[in-house]
Amino acid sequence: MIHGGDIVTYRQRSGRRAEDILDCSANINPLGVPASVTEALRAALPAVGHYPDPQQRETKAILAARFGVAPETILCANGAAEAIDLLTRSIRPKRCLILDPAFAEYEMAALRNACPLVRIPMVFDPGRGDFPWGSIDAMAREGDLLWINNPHNPLGIGQPFGVWSSHLTELMERGVQVVVDESFLDFLSHDSSWTAMHHVAGMAHLSVIRSATKVFAMPGVRFGFAIVAPSLAEAIERTRDPWSVNSLAQAAAVAAYQDTGYLEQTHRWLEQELDFVTGTWGRTGLLCGDTPVTPYLLARFPDHEVAQRATRVLEGEGIFIRDCTSFRGLDGAHRRIALKRREDNERVWRLVESAL
Ligand SMILES: Cc1ncc(COP(=O)(O)O)c(C=O)c1O
């Protein structure tokens, strides 16, 4: 399995109804779909009788206002996953540099586009605080595309863009393209000081990706976007499927990105749950590194048997977590666990403790 969130399989495997399953294998905001989005989807239903706006004009206007970027730099997509594919296809890199462990779609997009891969291990243990700049500098060549995921899935680490941007300047002078995948950044209250988005205008080889599916709990609707150089946006728009961002996804995005109240609530929720993680997982040495900054944690159990036992105990209660064996550099002892509301996090923790 290379992605979590496979609710149909979990239903079949457990014999439970979807509402009786706690899916901690995908990192979806447990506050649920914002009421503003549900309303917008309802109101947009009659629009499905027309083609969606292929230029996503209203959506881009909202995103431009929300993030302070120019509309011509915005590339809307059917989830961040489509943005990953579109960028790989259009940049046509000589090679893709992937920092392992990594979200699987960077590799999939490279394979679909017959692009050779260079794999660089993340330095994540002990300390696991930084991207492996020494190895990146040594490996990167003109025409390469480097994928940086900040905050990182599955490691849960993250840093403000300013901390490492000087490394990118040097790489870009060498003709290396860089995409920063910020699919989890909206979960953080300091999002605007961490993002690379505002540097795209000044750094010709930089692109940034965002996802609405996790933070607004709408993975079934599919919306993501990228901030790219206007010339790249134009080149991509010329040759892509013009309707991949459907009317419902556009309406949902318009509502979601204006819902600042929901985001503030999300930030408060995450801060509180990360405190809970520090006081529970953090005390036992089960956390793979320091407390994460993300709505999920990466655990490393003493060995794969303990990890399997914990997984079985959880599944017995209808709770599914992410096996990490498909992530290069991780193994059978690792599990990624999405954070939920407090009572669920407590339940997961109690069950895990009982399996140790
Ligand atoms: C790092 C990262 N980027 C992108 C995505 C894809 O997100 P979306 O659902 O918007 O396609 C994911 C999904 O898990 C992810 O973990």
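In what follows, every heavy atom counts, from backbone to side chain, and hydrogens, waters and symmetry copies are set aside. All residue numbers refer to positions in the sequence shown, counting from 1. On a predicted model such as this, the values are computed, not experimentally measured, just so you know. Atoms within each ligand, like the ligands themselves, are counted from 1 in listed order.
- Ring geometry for Tyr257 against Phe67 counts as perpendicular: the plane angle is over 60°, on a 0 to 90° scale with 30° as the lower cut.
- Geometrically, ligand 1 and Ala80 share a nitrogen or oxygen pair separated by less than 3.5 Å.
- Using a 4.0 Å cut-off to heavy atoms of Asn149, the atoms of ligand 1 that qualify are 1 (C).
- Within the listing of ligand 1, atoms 8 (P), 9 (O), 11 (O) sit less than 4.0 angstrom from a heavy atom of Arg222.
- With hydrogens left out, the protein atom closest to atom 16 (O) of ligand 1 is Asn153 ND2, 2.7 Å, a heavy atom.
- A continuous path of Ile, Leu, Val, Met, Phe, Trp and Tyr side chains, each step under 4.5 Å between heavy atoms, connects Leu339 with Ile337, placing both in one hydrophobic cluster.
- Using a 4.0 Å cutoff on heavy atoms, Glu105 does not count as a contact of ligand 1.
- The contact set between ligand 1 and Gly79, taken as ligand atoms under 4.0 Å from a residue heavy atom, comprises 10 (O), 11 (O).
- Listed for the Gln177 side chain is no donor-acceptor partner under 3.5 Å among the backbone atoms of Gly175.
- At a heavy-atom cutoff of 4.0 Å, ligand 1 is contacted by both the backbone and the side chain of Ala81.
- Checked for salt-bridge contact, Glu343 and Arg341 miss the test: no charged N lies under 4.0 Å from a carboxylate O.
- Scanning both residues, Phe327 and Pro101, for their nearest heavy atoms gives CB-CB, 3.7 Å.
- Salt bridge status for Glu82 with Arg222: absent, with no side-chain N to carboxylate O gap under 4.0 Å.
- Counting only heavy atoms of the protein, atom 6 (C) of ligand 1 lies nearest to Phe103 CZ, 3.6 Å.
- Looking at Arg174 and Glu142, no side-chain N of the basic residue comes within less than 4.0 Å of a carboxylate O on the acidic one, giving no salt bridge.
- In terms of protein heavy-atom proximity, atom 2 (C) of ligand 1 is closest to Asp181 OD2, 3.4 Å.
- For Glu82, the closest heavy-atom approach to ligand 1 does not fall below 4.0 Å.
- Ion pairing between a basic and an acidic side chain is recognised when a charged N comes within 4.0 Å of a carboxylate O; Glu315 and Arg312 show no such pairing.
- Atoms of ligand 1 lying under 4.0 Å from any heavy atom of Ser211, numbered from 1 in the order shown and given with element: 7 (O), 8 (P), 10 (O).
- Hydrophobic clustering places Leu356 together with Ile321 (ILVMFWY residues linked when any side-chain heavy atoms are closer than 4.5 Å, directly or through intermediates).
- What sits closest to atom 7 (O) of ligand 1 on the protein, heavy atoms only, is Lys214 CE, 3.4 Å.
- Under a 4.0 angstrom heavy-atom cut-off, Gly224 registers as lying outside contact with ligand 1.
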